[in-house]
Structure formats: structure tokens, C-alpha cells
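Numbers restart at 1 for each chain; the letters A, B, ... are given by sequence-line order, proteins then strands.
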There are 2 protein chains.
Amino acid sequence: MSSRPIPHSRIFVTGFARGLSVIEAFGAGHKSLSVADAAQRTGLDRAVVRRLLLTLAGLGYARIDGKQFELTGKVLRLGYSYLAASALDVTLQPYLAELSAEIGEAVSVSVLDGNDVVFVARSEQPGNRVAFVVSMGMRLPAYASASGRVLMSALADSEVSARLRGTRRDKRTPATVVGERELVKLVRQARSDGHAVSWEELEEGLVGIAVPLGNRGGTMVASLNTNTNAVRAQARQRVQRMLPRLKAMARRVAEVLP
Amino acid sequence: MSSRPIPHSRIFVTGFARGLSVIEAFGAGHKSLSVADAAQRTGLDRAVVRRLLLTLAGLGYARIDGKQFELTGKVLRLGYSYLAASALDVTLQPYLAELSAEIGEAVSVSVLDGNDVVFVARSEQPGNRVAFVVSMGMRLPAYASASGRVLMSALADSEVSARLRGTRRDKRTPATVVGERELVKLVRQARSDGHAVSWEELEEGLVGIAVPLGNRGGTMVASLNTNTNAVRAQARQRVQRMLPRLKAMARRVAEVLP
DNA sequence: CCCTTTTGTGCGCTCTGCGCTCAAATGAGC
DNA sequence: GCTCATTTGAGCGCAGAGCGCACAAAAGGG
């Protein structure tokens, strides 16, 4: 006679949904959780959480240490399913490497998840020539990053406003734009320019440059971005030199994206 | 009268386990799956898979496009739970940046998952000074990488043998060691040396260097690694110069790891 | 040492979700 | 365009999975 949150839609596997929420209950500052901790964080009954955690442990996604549960590296496979699936990572790597070498800065590819930009591929050019892929997972707030504005430019203005309204917008640096109307205008700008540049809005000294990555059909699937340093001399000219190269690469990549 | 794989252990949430296997059914070359595809790949009944996929979609982890399902960026949150939780990423970042600057090469931290080494943190030093974290997810075969050997050195020899036997060991370069006995010996070597070096075993021209990262209690929690180029002159001396710095940093880091 | 609070777990009952089934859609062949 | 074959979507009755109560066992607190 207690909780009846979902009226059993008959096509919804409650146990699965609850399990996923348990995985997400881990996170910053919650490396290990006891059954009771996890129950509190998810709002589920302790017995339920216990079964779910033991299931995770049984499958190797978690480890039991006394009464504390910890996720194992295996959970990365779940996220990896997405990355490997959206062949972005693998398909794009040679292009990213080439572009990175050309412009002398690390380049990356990101997609939109809610109000965050999520990085899914990256290539760096660290003086040393051994190409080494490390990708995935990092999140940035969409409103304050060039890539976020490019990605949001694929949405309708009303949707952009709605998302902005639903996000905490911190003034991360003095230059960060946080006003909803202003941001919508910047997204519109990105739409018509076919690129976005963010000057020290995310971090002092950091300039973000992003262009949309479309497929042959012309639908935007991701954003191609790079950064440069605002404090070095001639940052402006540098950005102006980089932009056409990013766009040229985006055009080439469009041919190979499904 | 069909499948009865698990006799209901009473603490195992089947729906959850099956759901996770559905997520993993996506992956390289399987960006989008129909209900039937996913059913075949997981070996589950179509009706079951359909419910699970619809559940994923309902929660925003998947998107429906006609009869094809696709994972969304939200699944990265699941893996991210692990990364954020194992504060490795955040805690280590300043140390990694310092080390990377000191030795002039990208450095990274990895953990063991089964037979793979998984990267969980990284810092690069790409000429530009803007520190930018991109981490997570990349996998390498443990047997052929320095970090893998260091990480396996925390296991008992018998366990190492067992894992090696259960892995396909390709000769990725002429230098790759693939013999089980030889590899066990190398792991033992890593254990007594407190480090491992892999000369062009993973990729031609690439030298991997790894040391264990322990916590105060002395239990190994990860591996700290870097790479250098085998073809540049004096690679050997360079490795000899880098090793003590890696070890010194590992000692410092041990103080801050839980 | 007793009492309070927190945590772990057994177990009966109900409601979930399984997987049979059939219907609808798709498409192949003529 | 019609028929047949095949694939996909859903309804529904039944059984047993898993819910959550309630008790037990630790873990403090005074």
C-alpha cells in the first residue's frame, strides 16, 4: 500500500529502469555506496536496491567491499556501446588527426545530451608524433561553449529557450554570457554563420571554436571543435585562419558520415 | 518450455541484467538495432527486448527512429558514474598535469577490466598551456601494454596465467610477446621492478612506461603511464630519466588516494 | 549493559513482465 | 494487383519474479 509511482504501462521494465538509476546514484563524491546510501539516493526501498546492487555485482559491474558497493571499470562498456556504435570515434579518427596536425591544436567532436555537451572523439597533436586516441565522456555546459551553441543551432529557437530556462547558468568567467535572450541570439548567430566562437566564456584564456558536422543528408550529427589560447598574440587572426579549415574538414567528413 | 537459464537466485533482478545486455548489444557496427536484431544479438525473446528497448527510450537512453533503436549520449552517464565516482579523474588531474609538464609527454591513468586496460584519466602537454581533461573509455589489451603488466602484477601468478589463457593474443608488432609463460615472467618482473616498459609491442615506434599507483594502504588502485617514441635518438636514456619521475609522482599521489 | 538506531535479509503475496499468440505490415514473386 | 511468405507489432492469461513488510543482527550511545 505504499508507493505506486508508475501505473504499470505494460511495456516498461521497472526493474531495469530502477537498476539504471542505481548506477547513476554513484557519481562525484560517491565512489562507494552501501545499500542504505543507494536506497536513499534513489528513493527506492532498501531491499530493492540490494537486489539490484547484487545483480550488478553478479555481472561484474560492481564489487562488494564489506557493506560498501563500488562500480567497476566494466560499466564503461555501457557508455562504450554508444561510442563504438556511433562509429564517430573510429570513422573520424584519421580526419581528426589530419586536422589536428594541420592547425596544430587538439580537435574534438561532441554531441548534445540535454543541457550538456558530451565529447565523443578527440585527436591531439602533442609535439610527439605517436597518435593516441583518448576520447569520450567529458561534459561541458552547452550554454557556455562554442560547441554547445553550434549543436543547439540545430534545434528550434523555442526549444533552445526552453532548454536554457531549464539550466543553471553560472558566470564562469567575466565574459560568460548567461542571459537567455542573449544566448538565443548567439545560437541564431551560430546557425546563420555555420560556426560559433566563445571567447573566454568557459575558462579564462580559452577560446572555443566549433562548426557543425553534418552527414550527406545535411542533418547535423555532431560538432567539430578546437580551442586556442586567447592570451597569446594574434588570437583573433589565428581563429580566422582556423575556421575555414574546420569548415573544409566538416565538408569532407560529411561524405563519410552515414 | 524455452529458456530457463537462471533458476531464480532470489537476489537477482533478471530484467535489469537483460537490460544491460541489450545496451551492450549495441556496439561497433551496430549503431541502430531493430527489436528483432537486438533479440538475436542478446538471445532474448523479441517481446522481452522490445519492452527493454522501449524502457530505454522512455528514460531517454535510446531514441526510436521508425523501427530502429539508437542509443543516445545519455548512456555515457552510466560510464561516467564510475569515472566521477572513482575520483581518480578529478583528484589526479593536477598531479598528472604537473608530471606531464615535467617529462614533456602525455601521461595517463588506467585500470584493469578483465583482459583490457581501460583509461580513466589523462593529461597532455601539447605545446599549448590550456589544460584540458579528456578522459575515459579507451581500451588496450592488457597483455601487450606496460600498464596492463603493471596492473596484472597485483594479481596472483595463477590468476595472471588464467587471464592470459582466456585472451586472444595477437602479434601486433614483431616485438609483441605472446607466449603465456613469457608474459607471466614479464608480469613477475614488473612486480619486483615496480614498473614495466613495453618496447614497440603495441605499435611500432611506441614505448609504453607504467608504474603502479597505490593508496596509503599500499593497495594498487591503478597504473600511471606514459609513452615515448622509440625511434627518436636516445629513447633508452629517456625512459631511464622518466621512470624515477613517474615513481616519485606515484609516491606523492599515494598520499592523496583514499 | 541496555536501549536506540541503523543495516541486512527471509519470506509470503501480489503484480510484473514473460512469452505464447494472433494481427498487421512489409515485400517477393508472378 | 493479388497471393503467399516473412517479418514486426501487440494483447493477454498465467506463473513466478521481485516487492516490501517485518524481523534479526549489528552498531553505536549513554
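One interatomic measurement links the two molecules: CG of B:Leu52 to C1' of C:dT16, which rounds to 13 Å at whole-angstrom precision. One atom, CG of B:Leu44, and another, P of C:dC20, lie 13 Å apart when rounded to the nearest Å. Here the P atom of nucleotide C:dT6 and the CG atom of A:Leu33 are 18 Å apart, to the nearest Å. To the nearest angstrom, C1' of C:dG8 lies 13 Å from CD of A:Gln68. One can place CG of B:Asp45 at 11 Å from C1' of C:dT21, the figure rounded to the nearest angstrom. Atom CZ of B:Phe69 is separated from atom P of D:dT8 by 12 Å (rounded to the nearest Å). Here D:dT8 presents its P atom at 7 Å from CG of B:Asp37, a figure rounded to the nearest Å. At whole-Å resolution of the value, NZ in B:Lys67 and C1' in D:dT6 are 11 Å apart.
Take A:Arg169 and apply the side chain to side chain donor-acceptor pair (under 3.5 Å) test, not counting sequence neighbours, and it matches no residue. Residues passing the salt bridge (charged side-chain N to carboxylate O under 4.0 Å, His left out) test with A:Arg77 are B:Asp113, sequence neighbours excluded.
Ionic pairing of B:Arg163 and B:Glu180 is not present here: no N-O contact between side-chain nitrogen and carboxylate oxygen is shorter than 4.0 angstrom. Remark: A:Arg168 engages A:Asp170 in a salt bridge, criterion side-chain N to carboxylate O under 4.0 Å.
Side chain of A:Asp116 to main chain of A:Val118: no donor-acceptor pair is present (N/O by atom type, distance under 3.5 Å, no hydrogens or angles).
Listed candidates were D:dG18, C:dT7, C:dC20. Nearest to the side chain of B:Val13 is D:dG18. With C:dC20, D:dA17, C:dT9 as the candidates, the nucleotide lying closest to the side chain of A:Arg46 is C:dT9. Closest to the side chain of B:Val35, out of D:dT8, C:dG8, D:dG9, is D:dG9. Nearest to the side chain of A:Arg18, among C:dT16, D:dG20, D:dG9, sits D:dG20.
Put simply, the side chain of A:Arg51 and the base of D:dG20 share a donor and an acceptor less than 3.5 Å apart. With hydrogens and angles ignored, no donor-acceptor pair closer than 3.5 Å exists between the side chain of B:Arg50 and the base of D:dG9.
Using a 4.0 Å heavy-atom distance criterion, A:Ala47 is classed as a base contact.
Sequence order on DNA chain C of the closest nucleotides to A:Ala36 and A:Gly15 puts A:Ala36 first from the 5' end. Nearest-nucleotide assignment on DNA chain C puts the 5′-proximal partner with A:Leu54, out of A:Leu54 and A:Phe16.
OP1 or OP2 of C:dG17 has at least one side-chain nitrogen or oxygen of A:Thr14 nearer than 4.0 Å.
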